[in-house]
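These notes are about the structure you will find just below.
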Protein chains: 2
Amino acid sequence: MSRADEALRAARELLEQDGPDAMTMRRVADRVGIRAPSLYKHVPDKAELELRLVAEGLQELGRALRGAGPGLAELARAYRAWGLAHGRLYSLMTERPLPRERLPEGLEASAAAPLLEAVDGDTDRARAAWASAHGLLALELAGRFPAGADLDAAWAAMVAAFAG
Amino acid sequence: MSRADEALRAARELLEQDGPDAMTMRRVADRVGIRAPSLYKHVPDKAELELRLVAEGLQELGRALRGAGPGLAELARAYRAWGLAHGRLYSLMTERPLPRERLPEGLEASAAAPLLEAVDGDTDRARAAWASAHGLLALELAGRFPAGADLDAAWAAMVAAFAG
DNA sequence: GTCTATACCCGGATAGAC
DNA sequence: GTCTATCCGGGTATAGAC
């Protein structure tokens, strides 16, 4: 495993376990077992590390979605499950513009394909459904709903709206 | 206008015009015309400033929603318009848990009322619809959709899903 | 490819004089 | 209620020796 890959692993662990503020070049270096300045011999800068994390997350989320059973309900379940299991990475993937020109060709389309298929190729409907799932997940991850809120029921209502 | 109110205005201007990283106690103080340490004679800490901004935003958003025409389409239009006009504040309001116990009584319910009424008191459906609007708005604010995406159409598809 | 030293920047917040 | 001085923490990144 190259130092660059080790750095990527370390960055992801810091992000997922301790949050975005913990993902600093100093701490990544610590985890790799070198000093921060040495990190720059293997990774150009922090932005590159983040870019690779986003690409990795998109790849994994796409795989989870392609592996889901047919229908919007199963797709929603898989989306939510992956997002909850990788909340910090999910946020990193969705809170800023996607640097599409620096991402592997077809990566975004590959992740979007299952949903697009589920809505018979209707792009507007696909965007609305994606955004709805994203909104529910983002608010859930942010702890923004009241304590007793029945989120399973909210997800079911969302699926029903788009399926019905 | 008290110094505390001046600080609130300054914080909001910095947030809305230059983004969350620009909203520092030093810059707020600069704008008020005093030194940063003096700010602490008027405001306990930065968290309090942010809390008041969230309360102010919730109040304004609620007013915008209550002023909207009847129906989900008009509600969605008002929600999106307010969010786009106050993107940074909107993000601050939605990206972390609401400190409900420190907010004016009834503020959240008052903002939620128009939507709850539009879905005939169905809480699950209201949460799903709110989250959908939030997701669309959040992704739009984040610049997360591809350049040519027809977001008006996506909003229409979302409204149709919940109305139909 | 690693290190030490460092440049340069920033943040929130407090102490104590006036 | 304002100030200066300061504490204490942090960050990204580079220079130059080894």
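Chain identifiers are assigned alphabetically (A, B, ...) following the order of the sequence lines, protein sequences preceding nucleic acid strands; residue numbering begins at 1 within each chain.
For B:P37, taking side-chain heavy atoms from C-beta onward, the closest of the listed nucleotides D:dA15, D:dT12, D:dT4 is D:dT4. Listed candidates were C:dT2, C:dA15, C:dT4. Nearest to the side chain of A:I34 is C:dT2.
Between B:A64 and B:W82, the shortest heavy-atom distance links the atoms CB-CD1, 4.1 Å. Residues A:E74 and A:A68 approach most closely at O-CB, 3.8 Å, considering heavy atoms. Residues B:L89 and B:L15 share a closest heavy-atom pair of CA-CD2, 3.9 Å.
Atom CZ of A:R66 is surrounded by more than 12 heavy atoms from other residues, nucleotides or ligands within 6.0 Å.
Between B:R26 and C:dG11 there is a side-chain polar atom (N or O) within less than 4.0 angstrom of OP1 or OP2. Listed pair B:S38 / D:dG1 fails the phosphate criterion, with no side-chain N or O lying under 4.0 Å from OP1 or OP2. The phosphate of C:dG11 has OP1 or OP2 within less than 4.0 Å of a side-chain N or O from B:T24.
Whole-Å rounding puts the B:L49 CG to C:dG12 C1' distance at 13 Å. For the pair B:R27 CZ and C:dG11 P, the computed distance is 6 Å after rounding to whole Å. The nearest whole Å value for the distance from the CG atom in B:L39 to the P atom in C:dG12 is 10 Å. Here C:dC3 presents its P atom at 10 Å from CG of A:D30, a figure rounded to the nearest Å. As a whole-Å value, the separation of B:D21 CG from C:dG11 P is 9 Å. Between the P atom of C:dG16 and the NZ atom of B:K41 lies a distance of 12 Å, rounded to the nearest Å. Spacing between atom CZ of B:R35 and atom C1' of C:dA17 amounts to 16 Å, rounded to whole angstrom units. Distance, A:M25 CE to C:dA7 P: 21 Å, rounded to whole Å.
Of the charged side-chain nitrogens involved, at least one lies within less than 4.0 Å of a carboxylate oxygen, so that A:D152 and A:R80 count as a salt-bridged pair. Of the charged side-chain nitrogens involved, none lies within less than 4.0 Å of a carboxylate oxygen, so that A:R27 and A:E13 do not count as a salt-bridged pair.
DNA chain C is contacted by A:R3 of residues 2-19 of chain A, taking any non-hydrogen atom closer than 4.0 Å.
Taking the six-membered ring where the residue is Trp, the centroids of B:W130 and A:F145 are separated by under 6.0 Å.
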